[in-house]
Amino acid sequence: MTKRSRSEPTGEDLLATRRKLPIWSARRALLREVAAAETLILTGETGSGKSTQVPQFLHAAGYTEAGAVGITQPRRVAAVSLARRVAAEQACPVGSLVGYAVRFDESFDRRPPKRGGTAIKFVTDGMLLREAASDPLLSAYSALIVDEAHERSLASDVVLALLKSAQARRRSANGGGAGPLKLVVMSATLEVDTFCAFFDGAPAVQVLGRSHPVEVLHAAEPCEDYLEAVVTTVLQIHQLEPAGDVLVFLTGEDDISAAAAAIEARARLLPATSPTLLPLPLYAALSPAAQMEALAPAPPNTRKALARARLLHTPAVLATNIAETSLTIEGVVYVAYHAARRVDSLLQLPISRAAALQRAGRAGRVSAGKCFRLYTERTFEARPPSCNALLQRPPATPSCNALPCRLARASVDDLEEATAPEVLRRSLSATVLSLLSLGVKDVLSFEFLTPPPADALAAALEASSSHCAPLTTAARSRRTAACSPGCRSSRSTAEPCSPRGAGVSLGRCSPCSACCALFHSPHSHREAADESRLRFRSPGGDTLTALHVVSAYDAASGGGKARGEGRRWAEANFLNWRTLETAVQVRTQLVATARRLGLGDGDGRVPDGVASAAQPLSSEESVELRRALAAAFFLQAAVRRPSGDYVTLVSRQTVSIHPSSALFSRRAPCVLYNELVFTTRLYMRDLTTIEAAWLAEVAPHFFKSGAAAAATGAAPSAGQPRMRIHGGGSFR
Ligand SMILES: Nc1ncnc2c1ncn2[C@@H]1O[C@H](COP(=O)(O)OP(=O)(O)OP(=O)(O)O)[C@@H](O)[C@H]1O
């Protein structure tokens, strides 16, 4: 790991830095705009000070006397890191005046700000949605800032719609005395018109200027092998450019491991006098502690030694798009990235121009920076900027001829202006369930920023309608568990299963679904890694495979007493140790939450043994678990056709098993899937085998007895249930 020297800034240093930010000189004008409008759309260059300063301006202007100022972030790592920075600028510990709340981690004071509670609170979009579930007026807040709104994730779009409705209710007699709710929607790369129109003609303002210049260089020619280009670019920066850390964007964990190994191997060939080059991974599946390690300055008590080390090492942070927005990684001067973004293990698509500008914006935050785009300038510029007048060409666009990019075009073509809203890209079922659990009664009239096709929404609603009763009758407190709607409903809809089955699903399955990147497959040891994967493979599917792995890890680490042993075991088996540790942590938290909320068996107890999975599942438990999953995810069932492909029971789509699944080339007759992804065809991922007959038993309100064969095209045979969707006709 890197040893970086960062001298701890004093309060005066921080104030001086704040005063130099472009947004500082605009603060009075900005506050006038906020005072005049209920909603303000704010754009400004990356690094101009939006995320750190706007909440502090609102606090200083007195908005926190009536409630907290909340700031949403798409990613937890940004929420935590911004809270730390703003707390340092306010000279207070995190969790007091400034705090945060992200999934499975929070640090804030619940008292109202005027009684000493947290006044500036950073939250993820998902956490704000959870708060809105119990308090739709969001009455704890006087103002909310939706940051990085350009990302257009489902959660942030839903947050915007809920905020608009909360504003309307707080304006009216239904406001319950909560007072008006100010809203600021921010980003460096926003399609302003869309947001202004959504908020009924809200004004938009732009903060001009950037903190430090960023020189942007493009590859002279398209590169064929993006990993090779990344590795060579990092080494060239290391050898040819002045001191400064490097931030490299890669498409996923596998590529990060491969690039790290290649960088280390090639750095060993450099002359002995050459400084050391140290790659630091940063991706979502890393434990929060490891993520912060990649971002953190050196501990103060080692600063002096590190100051020397600083001269000898060039840290290279290898990150996924987790580092694309909001983050300031101190010391980063150089940013390098290709235009590829991983959509699925089989498919990479180009990033949008908005994302490219965000990535470039990670350089030039604390000093002048340099951005190496590993694609041609033509690729970036091919599409003329749309009506968004705020997108500006980079000031300088020299070619980086020294880069190794060669030959034919990469798989990346011209960049789209903005990333398509998630609501148009993903299954709507999860959105519909979230809306229902938030108490939205009329989903079809829900005001989306970009409305999904009406018929797709109606179909998702119809498919989800059977969940309504369990969701509305389930204890409200269950919503506070930080799980997906499906996970929550695996408890609330598992009545046909034994408490043990529901408990097993809670204690064992949820952590695995929370941490999917268990297997690690370095390029250099691919065969050995594949063999290891095969050893853990369960005929029950991917969820049970993950359970095998976590059980084996519990045994190897002595239930957490011998973590060193556990780590060695994980590494020897090509398993992601940090992910396993996170899974164990998440399990502990979920079990504690479940005990607190009285979930579990009939007495509200979580069965013994669930908190530790050191014992492998018995076959009886495996059946109970798979039945519990069927009760929760019956909308995501598919049956095998004689032709070998599958048909989904609800949407009647022809699908295949993803090659990464434990069930690939197995002939499971009936499966549940966690998600559908389209690459070269429509694939199901994260599968569990179930008996088709269970569906009518666990979801009788949805499935009638009939033949699964009806869906597969085969003639129904005696003994097989015939399933029909109520109101939906048969599957043929
Ligand atoms: N953790 C940090 N360490 C050092 N400096 C920081 C840190 N966080 C922020 N800064 C300083 O504050 C500046 C403003 O950061 P801020 O995140 O508020 O900008 P922004 O306009 O929101 O950028 P973006 O649009 O990229 O999110 C940075 O350019 C940097 O100089």
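Keep in mind that the numbers below use all heavy atoms, side chains included, and drop hydrogens, waters and symmetry copies.
Applying the side-chain contact (heavy atoms from CB on, under 4.5 Å) criterion to Arg568, with sequence neighbours excluded, gives Glu565. Remark: Ser107 engages Val94, Tyr100 in a side-chain contact (heavy atoms from CB on, under 4.5 Å) (not counting sequence neighbours). Applying the salt bridge (charged side-chain N to carboxylate O under 4.0 Å, His left out) criterion to Asp157, with sequence neighbours excluded, gives Arg152. Annotation: side-chain contact (heavy atoms from CB on, under 4.5 Å) contacts of Arg567 (sequence neighbours excluded): Glu571, Trp577, Arg578. In this structure Arg84 satisfies the salt bridge (charged side-chain N to carboxylate O under 4.0 Å, His left out) test with no other residue, sequence neighbours excluded. Here Pro271 pairs with Thr273, Ser274 under the side-chain contact (heavy atoms from CB on, under 4.5 Å) rule; sequence neighbours left out.
Under the 3.5 Å distance criterion, with hydrogens and angles disregarded, a donor-acceptor pair is assigned to the side chains of Glu228 and Thr232. Asp147 and Ser51 form a side-chain donor-acceptor contact under 3.5 Å, judged by distance and modelled atom types alone.
Not a single donor-acceptor pair under 3.5 Å links the side chain of Arg533 to the backbone N or O of Phe519.
Scanning all heavy atoms of the two residues, the minimum distance from Ala155 to Gly126 falls at CB-N, 4.4 Å. Between Tyr334 and Pro242, the shortest heavy-atom distance links the atoms OH-O, 2.6 Å.
One finds no salt bridge joining Arg19 and Glu89 here, because no Lys/Arg side-chain nitrogen approaches an Asp/Glu carboxylate oxygen to under 4.0 Å.
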